[in-house]
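Before any comments, here is the structure.
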Amino acid sequence: MKQINSLNTIIPGAIRYFVLLFLALMPLNGRAQSKIIAQSDINKPEWVDTAGPAHLSAVTAASTVERAEERACRQIREQLIRAMATQLLAEGVLHTSDSLAQQRVLQFLSAKGASAYMRLGSTAYLSDAAILRTGAVYWEKYQDDNSQVQTIHYHLRYPFPEKERQRLAHEYRLEDQRQEKRLSAICNAIHQISTVENISERSDSLLLLFHYFDDERKEQTRQCLDNYRKLYSRLKLEITGSPDNRLSFRLTFDGQPIATGKKAQVRSNCATYISVTDARQGTGATVAYTTGECAATPDDEPENYIEISYNFSGKIISTRSIIPQQNL
């Protein structure tokens, strides 16, 4: 036990794993031995059991090659993401916790997939297939002399030189700058509203940026998003005409007609066969209805009405028109 503890003190990371793996395979008194019964290559490659700054290495064990391969690819992905996150945190590009930084890097790499290094053919970057195509593989199949249990010891080396690491970090910084410019453009366009969808689409984009930023830009994004959401309060519904059994209306923003691709919701406490015809360019609509089930109401009872409403991101814009008694 003292010998193992001393190894933990003086042997770092990956090297310690190889040493412990070697010790685990050493024959001990009273302990069953294992032997190699198959291997991926006739000769063990020189890179096995070695470490270098230009590569990422994974060593796994499983009952089948497929399971060991899957675990090794997962280790490579985790190492690459952790290496990039550590670098970006050290450079001050990211300002969050290590775990959140790794999530950010994973999102960036998953969305990118554009460079020749990161894509091979049509295989997405960091998929098992892409890692295996780029990396070097060697495995050995061991069989326990007593139990006859077979175990695959799988070695995977993946090239990740400093030059490539710096290039990816640079591209991450460029992407970060693009997101900042996107934020600025959306906030500056708040006075340029031509459709209601301008508000909702830009709000959705700001919500994504809010989750993207992890520094003072997060608060700037929140304030900009709040300002966009306040624009819904400047929407109004106006009745523009009410001939017999018809009702025309339009949606306005600061008193000016504004278009929307949404359909208005129409209901009534008595009218039936309601249909809605949109006006050209989506700036209004006409409601047609019948009043066969409507009856004249005494002064102390609710009047017959048609109610029109829109729901924009939870903000209800509505108006109600009383059906004239002479139309009944």
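Because only heavy atoms are used, hydrogens play no part in the values below, and waters and symmetry mates are left out as well, while side chains stay in. Throughout, residue positions are numbered sequentially from 1 according to the sequence presented.
The closest side-chain heavy-atom distance from Lys230 to Asn227 is below 4.5 Å. Proximity of Ile131 to Leu156: side-chain heavy atoms (C-beta onward) are separated by under 4.5 Å at one or more points. Side-chain contact between Tyr310 and Leu235 is absent, with no heavy-atom pair separated by less than 4.5 Å. Between Glu66 and Glu69 the shortest side-chain heavy-atom distance does not fall below 4.5 Å. Under the 4.5 Å side-chain criterion, counting only non-hydrogen atoms from C-beta, Thr260 is in contact with Glu197.
Using the six-membered ring where Trp is involved, Tyr232 and Phe312 have ring planes that are parallel, under 30° apart on the 30 and 60° scheme.
At distances below 3.5 Å, at least one donor-acceptor pair connects side-chain atoms of Thr60 with backbone N or O atoms of Ala68. When atom types are taken as modelled, the side chain of Tyr228 and the backbone of Ile190 share a donor-acceptor pair closer than 3.5 angstrom. Judged by distance alone, with hydrogens and angles left aside, the side-chain atoms of Asn269 form a donor-acceptor pair with the main-chain N or O of Glu303 at under 3.5 Å. Panel note: side chain Ser40, backbone Trp139; a donor-acceptor pair is recorded below 3.5 Å. Side chain of Ser184 to backbone of Glu180: no donor-acceptor contact under 3.5 angstrom is found. Between the side chain of Ser57 and the main chain of Arg157, no donor-acceptor pair closer than 3.5 Å is present.
Judged purely by distance below 3.5 Å, without hydrogens or angles, the side chains of Glu140 and Gln39 never pair a donor atom with an acceptor atom. Of the N and O atoms on the side chains of Gln87 and Gln166, at least one donor lies less than 3.5 Å from an acceptor on the other residue. No side-chain N or O of Gln107 forms a donor-acceptor pair with one of Gln103 less than 3.5 Å apart. Side-chain contact, Arg104 with Tyr172: a donor N or O sits under 3.5 Å from an acceptor N or O.
Geometrically, Lys236 does not engage Phe253 in a cation-pi contact, judged by NZ or CZ lying under 6.0 Å from the ring centre and within 45° of the ring axis.
At most 12 heavy atoms of other shown residues, nucleotides or ligands fall within 6.0 angstrom of atom CZ in Arg67.
Salt bridge status for Arg222 with Asp226: present, with a side-chain N to carboxylate O gap under 4.0 Å. A salt bridge does not link Arg82 to Asp98: none of the charged nitrogens lies less than 4.0 Å from a carboxylate oxygen.
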